[in-house]
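Below is one structure, written out as structure tokens; comments come after it.
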Amino acid sequence: MIRQHLSDALTSELLALGIAVPAVVHLEQPARREHGDWSSNIAMASAKAAGRPPRELATALVDALNARLPEYVERVELAGPGFVNFHLNPGWLHQVLIDTVNAGESQFGRSTVGAGTNVMVEFVSANPTGPLHAGHARGATYGDAVARVLEWAGYSVAREFYINDRGAQMLKLGESILARIRGEEPPEGGYFGEYITEWASSLDPEIAVSGDVEAATEHGYRCALDDQRAVLAELGVVFDVWFSERSLMDTGAIEQTLADLRERSMIEDRDGAIWLLSTQYGDDKDRVLVKSDGSFTYLLPDIAYHRDKFARGFDLLINVWGADHHGYVKRMHAAISALGHRAEQLDIRITQLVKLLKNGEEVKISKRAGNIIELRDIIDEVGADSTRLVYLLQSIDSPQTVDLGVIAEQSMDNPVFYVQMAHARLCSVAAKASAQGIERIDLAQAVLEPLVHPRELEVLRVLNNFSEVVELAARERAPHKVSSWVRELASEVHGFYHDCPILRDDVPADLQQARLWLGEAARVGLRCGLNLLGASAPESM
RNA sequence: GCCCUCGUAGCUCAGUCGGAUAGAGCGACCGCCUCCUAAGCGGUAGGCCGCCGGUUCGAUUCCGGCCGAGGGCACCA
């Protein structure tokens with residue numbers, strides 16, 4: 001709001017000076033307070049087009065603005081190579097408090113940029129052959145947080161899990177279970193984890209005796225699915241749809257997909273196989289869809305699945321894949337283009353790998369040895385909130401190092417406590433005030449002018465940024481920006497808490513009221529931020 | 001060889017559309033509880049933003065080339 005307000009002021013002065021207004025008027029909050037509350041580089045940016053030196057242009061702007069000061073503006077200064085710096089009175093921040101409280105937990109920071117867009121986020125999509133491990137957690141927490149952020153930005157969002165319940169790896173599951181029952185080693189390419197023995201113990205004895213691989217596979221499949229669903233629920237990740245690859249076989253979706261592609265002349269029969277002409281859309285080589293023996297490659301059901309997503313009315317598909325799948329990005333884009341969709345309608349996000357440390361030493365994962373670190377164990381050890389925060393702390397573009405030993409200590413290496421504590425403290429003060437018979441008066445009656453302490457104003461400054469953070473996080477599919485923001489808010493809240501007493505006897509009544517309201521605004525902010533990350537906001541700790 | 005991501009403080013990482021003296025947490029060191037939760041607050045030390053060019057009034061940011069790390073390049077899934 002304040003940004004628009006200042007931007008409008010700059011725009012009208014530029015027009016009055018007869019200078020072309022750029023598409024976006026850049027305004028930022030300078031790192032150094034002496035550079036003002038807000039600063040614009042517009043004079044430097046427009047200098048070339050206007051044919052005037054930046055400082056001359058800035059001087060004209062500054063003079064004009066000072067002659068007709070916009071609301072909240074105390075003075076405007078020229079600085080450096082041509083910055084126009086706005087120094088504001090705290091009134092604009094008091095307005096932030098009012099807006100935040102009025103928006104409340106259900107609305108604060110919401111935006112409508114995504115209104116009318118139907119988006120599906122497909123994530124995790126692990127094979128149903130074992131429990132989820134520490135690596136899956138990155139995709140799970142990221143995908144869910146992206147979905148939450150998009151919802152907050154106005155998108156209509158569905159979460160979906162694609163189950164690869166077809167193919168050779170499924171039978172290996174059944175074979176592994178049967179082998180364990182017989183007391184043998186699982187076969188080459190099979191599964192070696194302890195969970196196989198566990199699942200084997202609940203297998204119907206008749207199947208064990210008959211050695212029916214398909215039946216054993218089905219049993220393992222159910223165990224895997226139940227296990228994955230349960231652990232995701234513990235993490236707070238709930239899918240709208242679990243989509244089975246097998247279901248594509250029964251509905252004619254595969255044949256329809258081939259027919260569509262053939263009609264669009266996007267496939268070709270070659271050497272007894274059916275090829276997708278994916279090079280026409282930027283792939284490195286054409287890809288086989290139906291092998292010369294008549295069976296499908298993995299790619300064909302995948303294409304049919306994405307065709308189905310569009311058929312269900314989604315405008316935008318977001319896929320969260322692990323780094324080991326980045327090589328398939330081009331061919332999937334080519335495939336949906338071949339089906340007549342725009343490549344931008346499929347947004348594939350690659351999460352870089354997670355390296356696990358335990359007390360400084362790398363934990364080597366070997367599927368064969370079966371020594372995976374299960375997601376469940378991490379949640380049991382540190383809790384769902386910490387697990388989520390740890391993974392959401394940084395960009396998915398960089399490889400992540402997680403030290404299980406350190407987060408298990410619940411030290412300040414784990415910022416979830418820091419943020420939750422800030423929330424709990426605010427709740428605690430409000431509760432204590434209430435217990436002392438001190439209630440907040442109607443906000444409209446409250447006098448906010450006493451809020452001038454730097455600690456108070458910094459809290460409000462951070463709150464003001466939230467809606468922009470949400471929009472940016474949505475646009476860039478970058479929930480870690482919300483993590484950064486909420487930590488910053490928590491930091492300011494702790495500072496405010498430390499330096500600005502509320503319930504002490506010597507606090508004047510109107511200041512006490514204003515601070516109680518400030519606490520409420522900050523609490524709303526912390527709550528909303530934590531919520532976007534999928535973490536709880538406890539009222540006491 | 002080709003493709004993707006990364007390289008910023010001792011460690012783990014932020015850094016918006018290119019801005020002014022590059023940030024946080026942890027670790028190290030020094031302070032602060034008769035006071036609403038010390039799971040907190042303040043301070044000090046610590047930087048060739050991998051290297052070299054280019055664009056620009058201005059580059060950690062954009063472009064090109066190197067160097068280094070991780071991952072991927074099937075008629076496997």
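First the proteins, then the strands, lettered A, B, ... as listed; each starts at 1.
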Please say whether more than 12 non-hydrogen atoms of neighbouring residues, nucleotides or ligands are located less than 6.0 Å from CE in A/M1.
-> no
Atom-pair distance (CG on A/D505; P on B/C36), nearest Å = 11 Å
Tell me: CD of A/Q400 to P of B/C13, nearest whole Å?
-> 7 Å
Would A/D283 and A/K285 pass as an ion pair if we require N to O under 4.0 Å?
-> no
Per-nt protein contacts along nucleotides 16-23 of chain B (heavy atom under 4.0 Å; B base, S backbone sugar-phosphate only, - none) come out as -B-BBB--
Starting from the C-alpha separation in whole Å, work towards a yes-or-no answer on salt bridge (charged side-chain N to carboxylate O under 4.0 Å, His left out) for A/E218 and A/R246.
-> CA-CA 13 Å; A/E218 289 313 293; A/R246 285 182 194 171; 2.8 Å; yes
Is A/D269 paired with A/R262 through a side-chain N to carboxylate O contact shorter than 4.0 Å?
-> yes
Has A/R455 got a side-chain N or O lying under 4.0 Å from the OP1 or OP2 atom of B/G42?
-> yes
Check whether the side chain of A/Y497 and the base of B/A38 form a donor-acceptor pair under 3.5 Å.
-> no
Among B/C36, B/A14, B/G71, find the nucleotide with the atom closest to the side chain of A/V429.
-> B/C36
Given B/C36, B/C75, B/U37, which nucleotide is nearest the side-chain atoms of A/P501?
-> B/C36
Looking for any heavy atom pair under 4.0 Å, which part of the strands does A/S540 touch: base, sugar-phosphate only, or nothing?
-> base
When the distance from CG of A/L300 to P of B/A77 is rounded to whole Å, what number comes out?
-> 11 Å
Less than 3.5 Å between a donor and an acceptor, one on the side chain of A/S428 and one on the base of B/C36, is that the case here?
-> no
B/U37, B/A74, B/A77: which one has an atom nearest the side-chain heavy atoms of A/H325?
-> B/A77
Under-4.0 Å side-chain N/O to phosphate OP1/OP2 contact, A/Y328 with B/C73 = yes
Round to the nearest Å and state the distance from A/D271 atom CG to B/A74 atom P.
-> 17 Å
Take A/R523 and A/V493, measure what side chain to side chain contact (heavy atoms under 4.5 Å, CB included) needs, and give me the verdict at the end.
-> CA-CA 9 Å; A/R523 191 195 62 75; A/V493 164; over 6 Å; no
Can you tell me the distance, in whole Å, between the OH atom of A/Y298 and the P atom of B/C76?
-> 11 Å
Could you check which of B/G15, B/G70, B/U37 has an atom nearest any side-chain atom of A/H480?
-> B/G15
With the threshold set at 4.0 Å, does a side-chain nitrogen-carboxylate oxygen contact exist between A/K291 and A/D293?
-> no
B/G58 and B/G19: how far apart are their P atoms, nearest whole angstrom?
-> 14 Å
Cut-off 3.5 Å, side chains only: do A/S39 and A/Q29 have a donor facing an acceptor?
-> no
Any protein N or O atoms within reach of nucleotides 5-9 of chain B? Criterion: under 3.5 Å, listing atom names and distances.
from	atom 1	to	atom 2	distance (Å)
B/U5	O2'	A/D397	O	2.1

Atom-pair distance (CG on A/N127; C1' on B/C76), nearest Å | 12 Å
Provide the distance between the two P atoms, one in B/C63 and one in B/U16, to the nearest whole Å.
-> 14 Å
is_close_aromatic(A/H494, A/Y418), centroid dist under 6.0 Å = yes
Quick note, A/Y418 side chain, CB onward, closest among B/G40, B/A39, B/C75 is B/G40
Could you state the CG-C1' distance from A/L389 to B/G25, rounded to the nearest angstrom?
-> 13 Å
If the glycosidic angle is within 90 degrees of 0 it's syn, otherwise anti, so just tell me which one B/C33 is.
-> syn
NZ/NE/NH1/NH2 to OD/OE distance under 4.0 Å, A/E188 and A/K172 = no
Look at A/K432 and B/C35 and indicate whether a side-chain polar atom (N or O) is within less than 4.0 Å of OP1 or OP2.
-> no
Pairwise distance OG(A/S428) to NE2(A/H423) - rounded to 0.5 angstrom = 12.0 Å
RNA chain B: A/A424 or A/F296, which has the more 5' nearest nucleotide?
-> A/A424
Of the listed nucleotides B/C41, B/A77, B/A39, the one nearest the side chain of A/H498 | B/C41
Pairing string of RNA chain B (Watson-Crick or G-U wobble, both atom distances under 3.5 Å; | = paired to other strand) is (((((((..((((.....[...)))).(((((.......))))).....(((((..]....))))))))))))....
May I ask you to say whether A/E458 pairs ionically with A/R461, meaning some side-chain N is under 4.0 Å from a carboxylate O?
-> yes
Side chain of A/H326, base of B/G71: donor and acceptor closer than 3.5 Å?
-> yes
When the P atoms of B/A20 and B/C6 are considered, how many whole Å apart are they?
-> 23 Å
5'-most by nearest nucleotide on RNA chain B - A/R504 or A/T401 | A/T401
A/E160-A/Y305 side chain donor-acceptor pair, cut-off 3.5 Å | yes
Separation of atom CG in A/L392 from atom C1' in B/C13, rounded to whole Å = 14 Å
Step through it carefully: locate the ring centre of A/F161, locate the ring centre of A/F243, and say whether they are under 6.0 Å apart.
-> no
Check ion pair A/D499-A/R455 (N to O, under 4.0 angstrom) | yes
